[in-house]
Amino acid sequence: MCPEFSSMTRRNHPKMEPASHNQQISPASLRTELERILSATINDIWDDKIPDGFQAVVSGSDNLEFGDLSCQSALKLARILHDSPRKIASMIVDGIEAKLPGISGVSVDGPGFINFTLSLPYLVSVSGMLAYRGLKSLLPDVGNGRKALVEYVSSNPTGPLTVGHCRQAVLGESISSLLEATGWEVSREYYFNDTGRQMTLLGMSLAARYEAAGGGEAEIPEGGYHGDYITEWAQELRDEQGSDLSWVNSSAKFITFAKERAIGIIKSDLSLLNIEFDRYFAESELIPDAVHSTIEKLSSIMIDGESLVYHDNDEAEKLWLRFTSLGRPSDRVIVRDNGMYTYRLPDIAYHIDKFSRGYDFMIDVFGADHLDTSKDVTAALDILLGSPAVSDKLRVIIHQFVTLVRDGRKIKMSTRAGKFVTLRELIRDAGSVDVTKYLFLTRRAEAHMDFDLDLARKESNENPVYYVQYAHARISGIMRTAKEAGISLPEEHIALSSDLLDGEHERELMRLLELVPSRTAAAAEACEPHRLTEILADLATGFHRFYQHERIVDSENPDVSSARLTLCEACRRSISDLLEILGIDAPERM
RNA sequence: GCGCCCGUAGCUCAGCUGGAUAGAGCAGCGGACUUCUAAUCCGCAGGCCACAGGUUCGAAUCCUGUCGGGCGUACCA
């Protein structure tokens, strides 16, 4: 934000309200309107030959030679109409009767693309909107205040967060912000398992270290946790408890102590990333009521004359869920013979709880290891809640793992064996939180990524995040220079004359800016925050190039300076708005 | 064996859901600072989009198969 400008934008000048103010059209409505006109034209010409529901689509051209926006409908229609795409395209263009908003040129190119050139006044007005009202004002209000829930990290409280969790944390957090940017009211939730075998093992591991710290001989149980942090907890516990022997005989106390310590570490790890959850949902909250009622619901479902759950003949307690009747590869045990629940059952109960809380959209962000389980859970929810309810509202995003490489070799990570690289260490090696975040955010979730620890610091010095942040800092510097020179942004309500911005470099930058809202909206729709890093890089390049070619602050030409300042501000604000969604700092100086 | 994901420049990765000449950063080579921040810009070089078929006006993108890598295939989570 530039406080020195905000006061201006709020001032009212009713008498000076120019006519052009009402003509401002947003990038989104321009596209909708174009598509509407094209669709109508196509239907007018060919009428019943066009399949029902046919919609023309316009998208940004990848090459400036082909105009700013392009439509491929003629190519698609060629097959249906049995005619050459070029001819069809020409007929469409000739048949357009309505005035196209914000468009100064239409042409038919290549095999049959219809290309549109955006008008200069329109481009100028969009830059103005970005500068004065910010990116969010141009994003579609998809959520419209509806509630969404994003579950992510959800790592069990058995130790510090690792590199893998870091990727997920950054991904989940940016998805949450992206949804917020498009009008959703988002709750961030962390689900953790605080019962079951892993917690018992953790408690036993701590007990063993506690013994050892007292000089005793004790072994960590098989499958237990070997991390150094457990030894530290044991020592702390010793120091605190002194000779209080009641601890030694109470496994529950060890579990509770370890659990609380672990959650504390996790929360402080997350705070390093500036991530705060609205709720930490413990599995134990579901036991016994929610789990029991889930078992009942599952039991009442019959498929092909068979109950969805069944017992083995010999063991009374053990309960299976017949996932095979739900199209899954194999049945699974959901209650063990000792009466304890396996992971899937409470997780189903948890998701039923989520659905019951009235969210319109739910996202689960999981690592690749959860894929199978997650499909089982979704299959169970489909049958319990009705398939459309689940597929409409629940979206599971699976991200692939980070493969760490050190000394040219891949490192196997294991939390239990105590062999892992923590989030803390990663941030330390990368040298900055922003660098670490950007590192993960430039990749799409499904991409496997190799991360070379030896190159961490080296890479971070050359990290693209600095390139983007530098653009922001540079513009901020220009704003300061402009202020000193007595040049300010034009006031919002005065339509900017496009004559002042008719150079090729101005146009190139404005064209880039015009694409930002639709690209951001598409990223939100797809829940793919990595696309924002692409937009950011493009904006930074666009600005740096513009800066190289054009003098912005020039006392000799205050009008031009002021107009160019608007473009800079549009750029700066778009960058800072996008960085904010990604949770990355937008520095004013570097 | 089976299921899911991935294979794109030397390296790390994009590629807007089938379109026009496949892009960026880093690494390499060569240029540009008396001018609002050179953490920048401009140029060169670098590709059989793993491989083989198929679908059609058109494929990195869709379908099949092969090869290679990751994850899963627990009465762990």
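Hydrogens, waters and symmetry mates are skipped; everything else that's a heavy atom, side chains included, is used. Here is how names work: the chains are called A, B, and so on, in the same order as the sequence lines, proteins then strands, and each is numbered from 1.
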Hydrogens and angles aside, do [X] and [Y] bring a side-chain donor and acceptor to less than 3.5 Å of each other?
| X | Y | answer |
| --- | --- | --- |
| A/Y191 | A/E285 | no |
| A/D554 | A/S561 | no |
| A/Y341 | A/T195 | no |

So, under a plain 3.5 Å distance rule, would you say the side chain of [X] forms a donor-acceptor pair with the base of [N]?
| X | N | answer |
| --- | --- | --- |
| A/R79 | B/G58 | yes |
| A/N115 | B/A20 | yes |
| A/H544 | B/C41 | no |

Could I get a table of every N or O pair under 3.5 Å where one atom is in the protein and the other is in nucleotides 22-29 of chain B?
none

Note to self: Can you see if the side chain of A/R444 gets near the phosphate of B/C13 - specifically, an N or O under 4.0 Å from OP1 or OP2?
What the structure shows: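 Checking A/R444 against B/C13: no side-chain N or O falls below 4.0 Å of OP1 or OP2.
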Note to self: The side chain of A/H448 is closest to which nucleotide in this list: B/C6, B/A38, B/G19?
What the structure shows: B/C6
Notebook entry, point to check: What's the closest nucleotide to the A/D109 side chain, out of B/A20, B/C41, B/C13?
Noted result: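 For the A/D109 side chain, the nearest candidate turns out to be B/A20.
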Notebook entry, point to check: Atom CZ of A/F543 to atom C1' of B/C36: distance rounded to whole Å?
Noted result: 9 Å
Margin query: Output the rounded distance in Å from CZ (A/F323) to P (B/A74).
Written below: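 Nearest whole value for this atom pair: 13 Å.
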Next item on the list: Side-chain contact test, heavy atoms from C-beta onward, threshold under 4.5 Å: evaluate it for A/I263 versus A/F192 and give yes or no.
Entry: yes
Margin query: For a quick check of understanding: with a heavy-atom distance under 4.0 Å over all strands, which category does A/T158 fall into, base, sugar-phosphate or nothing?
Written below: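 No contact.
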